[in-house]
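Some notes on the structure that comes next.
Each residue takes its place number in the sequence, starting with 1. Start at 1 and go down the list; that is how both ligands and their atoms are numbered.
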Amino acid sequence: MTLTYKRALLKLSGEALAGEKGVGLDFATADRLADEIKAVRQLGADLGVVIGGGNIIRGTAASRQGIDRVSADYMGMLATVINALGVQDILERKGVDTRVMTAIRMEALAEPYIRRRAIRHLEKGRVVIFAGGTGNPYFSTDTAAVLRALEIEAGIILKATNVDGVYTADPRKDAGAQFLPELSFQEAIVRGLGVMDGNAFGLCKDNTLPISVFNINQSGAIARILQGERVGTLVR
Ligand code: UDP
């Protein structure tokens, strides 16, 4: 089987893990996502996963409630670790070999992030779950996803969402929103289409790292994208 992308980085937001509930970790949803990840491994592709934490806490929202912004951001980074451990457990129970690596050291529960080690894990067929974002406040897990993708030399970023891809407007609010199957980085900027947060998007653009925005609820989507099928929106 030929793979268009041999190595990819999947960005799973906290929202994707919360399912219908919108908050917290929905185990049935996480279980389904784990099946998608398992299918990718069965294809033989290397997969890194950056997990968000927005289903538990977001730094900006917590700081609006009065918590110091930097503390709030660290709380957000810890939330990504909670999600990562949940996803790891579900994957391992399905027989998928995994490692969690954290950007903030906490060796009692996961390995510290070391680039060369991460690559070695991928070469051995392990799914590497990157937790703790970038390890720095004022950043997002989108930025962490692009950073890790560049570091592990992934060919594409897979941005999992609850809609089919990029639209001219929010399809959940605007019935006239048009689906865009493909667009350039420049087009996305000029048209003000929020594919990822600004920092993350700029990093992708500068390094011409393609982004696939797709619906995580569509079964087999990731595996199809890696085989070169057009699923969702391709930004490049
Ligand atoms: N965060 C951070 N630095 C990072 C990554 C994340 O400070 O490098 C914090 C930030 O407060 C963010 C929270 O962790 O709001 C959760 O991450 P994010 O909002 O990116 O998660 P997602 O929206 O993907 O669920």
Proximity to ligand 1 by part of Thr60, non-hydrogen separation under 4.0 Å:
neither
Those atoms of ligand 1 less than 4.0 Å from some heavy atom in Pro137:
7 (O)
Quick one: does Gly52 get an N or O within less than 3.5 Å of an N or O on ligand 1?
no
Donor-acceptor contact present, side-chain Thr168 to main-chain Gln178, <3.5 Å:
yes
Side chain Thr4, main chain Gly228, donor-acceptor under 3.5 Å
yes
Checking Val100, Leu9, Val49 against Phe130 for side-chain contact (heavy atoms from CB on, under 4.5 Å), the one that qualifies is Leu9
Considering only non-hydrogen protein atoms, determine which one is nearest to atom 21 (O) of ligand 1 and report residue, atom name and distance to 0.1 Å.
Gly53 N, 3.1 Å
Specify the protein heavy atom at minimum distance from atom 5 (C) of ligand 1: its residue, its atom name, and the distance to 0.1 Å.
Ser140 C, 3.4 Å
Quick one: list whatever passes ring pair (Phe, Tyr, Trp, His ring centres under 6.0 Å) with Phe139, sequence neighbours left out.
none
Shortest protein heavy-atom distance from atom 2 (C) of ligand 1, along with the residue and atom involved
Phe139 O, 3.1 Å
Check this for me - ligand 1, Gly14, N or O atoms closer than 3.5 angstrom, yes or no?
yes
Which atoms of ligand 1 have any heavy atom of Ile57 under 4.0 Å away?
13 (C), 16 (C)
Tell me whether Arg224 forms a cation-pi arrangement with Phe214, defined as NZ or CZ under 6.0 Å from the six-membered ring centre and within 45 degrees of its axis.
no
Among non-hydrogen protein atoms, atom 12 (C) of ligand 1 lies closest to Gly59 N, 3.9 Å
Atom 13 (C) of ligand 1: nearest protein contact (heavy atom, Å):
Gly76 CA, 3.6 Å
Please check if the side chain of Asp97 supplies one atom and the backbone of Arg126 the other of a donor-acceptor pair under 3.5 Å.
no
For atom 24 (O) of ligand 1, which protein heavy atom lies nearest, and how many Å away is it?
Lys11 NZ, 2.8 Å
For Gly54, is at least one N or O under 3.5 Å away from an N or O on ligand 1?
yes
Please say which of Leu122, Val87, Val96 ends up in a side-chain contact (heavy atoms from CB on, under 4.5 Å) with Val127.
Val96
Judged on heavy-atom distance to atom 11 (O) of ligand 1, which of Asp73, Thr134, Leu78, Asn55 sits nearest?
Asp73
For ligand 1, indicate whether the residue Met75 contacts it via side chain, backbone, both or neither (heavy-atom separation under 4.0 Å).
neither
Kindly check if the number of other-residue, nucleotide or ligand heavy atoms within 6.0 Å of CD (Glu107) is above 12?
yes
Is the backbone of Ala144 close enough, under 3.5 Å, to the side chain of Thr141 for a donor and an acceptor to pair up by distance?
no
Considering only the protein, which heavy-atom contact is closest to atom 18 (P) of ligand 1, and what is its distance?
Thr141 OG1, 3.4 Å
What protein heavy atom is closest to atom 19 (O) of ligand 1, reported as residue, atom name and distance in Å?
Arg58 NH1, 3.1 Å
Quick one: CG on Asp142 to CG on Leu203, what's the gap to the nearest 0.5 Å?
11.0 Å
With distance as the sole test, does Gln227 use its side chain to make a donor-acceptor pair with the main-chain N or O of Ala223 at under 3.5 Å?
yes
Going by the 4.0 angstrom heavy-atom rule, the piece of Ser13 near ligand 1 is both
Examine the proximity of ligand 1 to Asn136 and report which part, side chain or backbone, both or neither, has a heavy atom under 4.0 Å away.
backbone
